[in-house]
Amino acid sequence: MKKQKLIIMIIIIILIVAAITVGVILTSLQKDKVVFTFEDTLSDGKGREATVILLGGQSNASGCSRDDYLQKNVSEEKYAEYKNGYDNVYINYLSGAKMSCAFVKCATLQGEMDGCFGPELGIAEKLHETYPDRTFFIIKCAWGGTNLFEQWLSPSSIGRVGKLYTQFVDFVETSIQYLESKNYNVKIEAMCWMQGESDSFSVRNANGYEKHLNNFIKDIRRKFKEYASNDGIAFVDAYIADNPAYWVYCDLVNASKKRVADSSPMNALVDTVSHGLTCENEPEGAPDMAHYDSLSGLKLGNLFAEEAIKFFD
């Protein structure tokens, strides 16, 4: 009898400990969950198609190209265009800790770092030039210094799903729900991805990059398949800078990107190396070797758009 009571007490204790543990985990998950709310800035879409471009990655996606150098390197008229933004290209951005909290005209100074912009500016410029009468929505969620191996890890990869993958999905879903509430017919044409620098510091991360990128693409397409265009969601990747003195295993990461791009006709790759994108000129005298110079950051966006346009319906 005493033995039975002891067993029952042990079972009760185990259950109590288990309940406490589950409660702690659920509380932690709730703390990790970010609830996004946006201002109502758009007029009624009246059933029109909303062509959506997703943009994700780390700092060269979130935006660290300097606006002051951009202003020096282009004409006054062109800079005014970048500053004022594009009437037919809107963006909702989460650039690191900075948020637009609404769909606004895509313009300069929408980057993660103060006084900076990201590839969204070049994407918007090219979209506006090519389709001046079509309305586009860029949804950008990117964070500097982040890796695919853990922080962007998607469900199909073995391991804990990365917080940034979850945040990206939540941000995109909430943005789409807002567009639908404004009576837009949402069609995701492409996702642009500028990431891999942080994974180049570790041979383990670099060797696992191909598998995790394939899984990431698969999971993004599966998650948003109901919003895909007729041909599906194109995935446009880009090489990281070929600078092994800075990005140690850049050759392994870029080789993975090439194999992934070649594995599907719905994948594309921007060759930032052959296009001569630079990181070594700005600021003068103390260049930021981790981030693209202003004209290169702009060109990256142009190249992203050129590849994405090839898949448009």
Side-chain angles (χ1 to χ4, degrees), residues 34-46 48-57 59-68 70-71 74 78-144 167-192 194 227 294 297-298 300-302 304-305 308:
V34 180
V35 178
F36 298 105
T37 55
F38 306 133
E39 295 177 29
D40 186 6
T41 55
L42 299 178
S43 57
D44 194 302
K46 299 180 180 179
R48 287 180 298 155
E49 184 171 299
T51 304
V52 172
I53 306 291
L54 308 181
L55 175 58
S59 57
N60 281 309
S62 63
C64 294
S65 297
R66 291 181 49 157
D67 176 80
D68 55 346
L70 178 67
Q71 188 170 5
V74 300
K78 196 64 178 175
Y79 182 73
E81 177 184 312
Y82 296 143
K83 183 178 180 181
N84 293 332
Y86 295 94
D87 291 333
N88 67 321
V89 186
Y90 295 85
I91 185 171
N92 190 18
Y93 64 85
L94 175 57
S95 304
K98 295 183 178 178
M99 290 182 64
S100 56
C101 297
F103 276 99
V104 296
K105 289 199 297 184
C106 193
T108 192
L109 296 174
Q110 293 172 339
E112 177 174 358
M113 289 178 60
D114 290 340
C116 291
F117 64 93
E120 68 280 347
L121 184 62
I123 293 173
E125 178 184 39
K126 185 61 65 175
L127 292 176
H128 176 74
E129 289 175 357
T130 310
Y131 299 100
D133 299 320
R134 189 169 177 173
T135 304
F136 295 91
F137 297 92
I138 299 172
I139 302 174
K140 178 176 81 164
C141 180
W143 203 291
Q167 178 178 267
F168 180 86
V169 167
D170 289 344
F171 188 75
V172 172
E173 282 186 330
T174 309
S175 298
I176 289 174
Q177 288 164 7
Y178 171 73
L179 290 175
E180 289 183 322
S181 76
K182 302 303 293 185
N183 297 315
Y184 279 99
N185 178 23
V186 176
K187 293 294 181 184
I188 302 176
E189 287 284 1
M191 176 170 180
C192 299
M194 182 66 243
Y227 301 107
S294 57
L298 186 69
L300 173 62
N302 291 158
F304 268 143

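Residues: numbered from 1 along the sequence shown.
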Is Lys83 atom NZ crowded by more than 12 heavy atoms from other residues, nucleotides or ligands, each under 6.0 Å away? no
On a heavy-atom basis, the closest approach of Glu129 and Pro132 is O-CD, 3.9 Å
*Audit row: Ile91, Val104, side chain to side chain contact (heavy atoms under 4.5 Å, CB included) steps and yes/no*: CA-CA 5 Å; Ile91 185 171; Val104 296; 4.0 Å; yes
Quiz prompt | Leu127 vs Tyr86, side chain to side chain contact (heavy atoms under 4.5 Å, CB included): CA-CA, chis, key distance, verdict | solution = CA-CA 10 Å; Leu127 292 176; Tyr86 295 94; over 6 Å; no
In terms of heavy-atom contacts, Asp68 and Arg66 come closest through OD2-NH2, 2.7 Å
Using modelled atom types only, decide if a donor and an acceptor are shared between the side chain of Ser95 and the backbone of Gln110 within a distance under 3.5 Å.
yes
Side-chain H-bond candidate by donor/acceptor type, Gln71 with Tyr82, under 3.5 Å: no
Taking side chain as C-beta onward, heavy atoms only, is Phe168 less than 4.5 Å from Trp143?
-> no
**Tyr131 backbone acceptor or donor facing Asn88 side chain under 3.5 Å** = yes
Separation between CD1 (Ile138) and OH (Tyr93), nearest 0.5 Å, reads 12.5 Å
For Ser294 and Ser65, the nearest pair of non-hydrogen atoms, with its separation, is CA-CB, 4.2 Å
Heavy atoms of Ala102 and Thr41 approach each other most closely as CB-CG2, 3.6 Å
Closest heavy-atom pair, Ala107 versus Leu121, reported as atoms and distance to 0.1 Å, is C-CD1, 3.6 Å
By salt bridge (Lys or Arg N to Asp or Glu O under 4.0 Å), Glu180 pairs with (sequence neighbours left out) none
query = Would you say the side-chain atoms of Lys105 pair up with the backbone N or O of Asn84, donor to acceptor, closer than 3.5 Å?
reply = yes
*asked:* I'd like to check Tyr227 versus Glu173 (side-chain heavy atoms, cut-off strictly below 4.5 Å). Are they in contact?
replied: no
d(Glu81 CD, Thr108 OG1) to nearest 0.5 Å is 11.5 Å
The reported gap from CE in Met191 to CG in Leu55 (rounded to nearest 0.5 angstrom) is 7.5 Å
May I have the step-by-step check of side chain to side chain contact (heavy atoms under 4.5 Å, CB included) for Tyr79 and Asp67, ending in yes or no?
CA-CA 9 Å; Tyr79 182 73; Asp67 176 80; 2.7 Å; yes
The ring-ring contact (aromatic ring centres under 6.0 Å, His included) partner of Phe103 among Tyr90, Phe137, Phe136, Tyr184 is Phe137
Residue set satisfying salt bridge (Lys or Arg N to Asp or Glu O under 4.0 Å) with Asp114, at least two apart, ordered chain then number -> Lys98
Scanning both residues in full, the closest heavy-atom pair of Asn92 with Phe38 reads ND2-CZ, 3.2 Å
d(Cys106 SG, Asp87 CG) to nearest 0.5 Å is 12.0 Å
Residue pair Ile176 / Ile139, side-chain heavy-atom distance below 4.5 Å = yes
Value for OG1 (Thr51) from NZ (Lys187), rounded to nearest 0.5 Å, stands at 10.0 Å
When rounded to the nearest 0.5 Å, the distance separating CE of Met194 from CG of Leu300 is 6.5 Å
The side-chain hydrogen bond (donor to acceptor under 3.5 Å, both in side chains) partners of Ser62 (sequence neighbours excluded) come to Glu112
> Is it true that a side-chain atom of Tyr178 and a backbone atom of Leu42 form a donor plus acceptor pair closer than 3.5 Å?
Replying inline: yes
_Are Asn183 and Lys46 packed together at the side-chain level, in the sense that at least one heavy-atom pair is separated by less than 4.5 angstrom?_
no
Decide yes or no for Glu49 and Arg134: does some side-chain heavy atom of the first lie under 4.5 Å from some side-chain heavy atom of the second?
yes
Check step by step if side chain to side chain contact (heavy atoms under 4.5 Å, CB included) holds for Val89 and Ile123.
CA-CA 9 Å; Val89 186; Ile123 293 173; over 6 Å; no
Problem set entry | Side chains of Ile53 and Cys192 in contact at under 4.5 Å (non-hydrogen atoms) | yes
